[in-house]
Amino acid sequence: MNKKQINIFIVEDNKIFTLALKAEIETAFENMPIKIQSFETGETCMKKFKQENPQVVILDYHLNSNNPDAADGIKVLDWIKKENHETNVIMLTSNDRIDIALKSFQHGASDYVVKTETRFKKINYSLFNLMKIMDAKNDARRYKNMVVGLFLCIALLVGGVISLQILTPAFFK
């Protein structure tokens, strides 16, 4: 896995759940450079989002349970995807209704986890898979850049040979 620091945002209005989740992630990924920040509302998350540009956001669906005026998870998901469509979002909810899961995926969520007794294991599994996908995308970018560079070198070399043939035709006879 990549050793570049992974920024993870947790957006959850339940402080106890947030602390437990953060501890679980830090334990599961103790050998990886991760930075976890937590926010109680989507609004506070988005203020920091533009500065930090996290690779992963773990987002509660029902963010407005403590503050009715706060944006819900789908609205925050839309903000995140508008700001950076490559950010991976794991949607969390205590509700296992299929329509909420489908709505989350339609709005760009990478995964959907129901808060059951295995929630931490599922979140860590999802994070592990997302990190593998991010590594694969980075490897593909590096490979593409290498291939483009190689073709540019070949083009320059061929161009140089053609230029020499044009400028010094006697040399090639």
Legend entry - Sidechain N-carboxylate O distance under 4.0 Å for Asp111, Lys122: no
Inset, instruction - Begin from the C-alpha positions of Lys35 and Glu52 and carry the test salt bridge (charged side-chain N to carboxylate O under 4.0 Å, His left out) through to its verdict. - result: CA-CA 10 Å; Lys35 177 182 175 185; Glu52 300 282 331; 3.1 Å; yes
Inset, instruction - Report the distance from atom CD1 of Ile100 to atom CD1 of Ile74, rounding to the nearest 0.5 Å. - result: 8.5 Å
Legend entry - same_hphob_cluster(Ile123, Phe128) at 4.5 Å side-chain heavy-atom cutoff: yes
Legend entry - Heavy-atom side-chain contact between Leu63 and Val76 under 4.5 Å: yes
Inset, instruction - Report yes if some heavy atom in the side chain of Val89 is under 4.5 Å from a heavy atom in the side chain of His107; otherwise report no. - result: no
Legend entry - Residue Ile16 excluded, over 12 heavy atoms near CD1 under 6.0 Å: no
Legend entry - Tyr125/Phe120 aromatic ring centres below 6.0 Å: no
Legend entry - Separation between CG of Asn7 and NZ of Lys48, rounded to the nearest 0.5 Å: 10.0 Å
Legend entry - Carboxylate-amine/guanidinium proximity below 4.0 Å for Glu12 and Arg119: no
Inset, instruction - Report the residues that fulfil side chain to side chain contact (heavy atoms under 4.5 Å, CB included) with Thr93, sequence neighbours left out, ordered by chain and then residue number. - result: Tyr61, His62, Asn95, Tyr112
Inset, instruction - Answer yes or no: is there a side-chain heavy-atom contact under 4.5 Å between Ile34 and Gln5? - result: no
Legend entry - Non-hydrogen side-chain atoms of Ile25 and Ile58 separated by less than 4.5 Å: yes
Legend entry - Those residues that, when tested against Glu83, pass side-chain hydrogen bond (donor to acceptor under 3.5 Å, both in side chains) (two or more places apart): none
Inset, instruction - Heavy atoms only: give me the nearest Ser110-Leu130 pair and the separation to one decimal. - result: CB-CD2, 3.9 Å
Inset, instruction - Return the minimal non-hydrogen interatomic distance between Lys115 and Leu92, and the atom names on each side. - result: CE-CB, 4.0 Å
Inset, instruction - With the side chain counted from C-beta on, respond yes when Asn145 and Arg142 share a heavy-atom pair under 4.5 Å apart, and no when they do not. - result: no
Legend entry - Atom pair CD/CZ of Gln37 and Phe49 - distance to nearest 0.5 Å: 12.0 Å
Inset, instruction - For Lys121, enumerate each residue passing the salt bridge (charged side-chain N to carboxylate O under 4.0 Å, His left out) test, keeping only those at least two apart in sequence or located in another chain. - result: none
Inset, instruction - Compute whether any side-chain donor of one residue and acceptor of the other, for Asn138 and Arg141, lie under 3.5 angstrom apart. - result: yes
Inset, instruction - Check whether Phe29 and Leu19 end up in the same hydrophobic cluster, where Ile, Leu, Val, Met, Phe, Trp and Tyr are linked by side-chain heavy atoms less than 4.5 Å apart. - result: no
Legend entry - Heavy-atom closest pair, residues Gly73 and Leu59: O-CD2, 3.3 Å
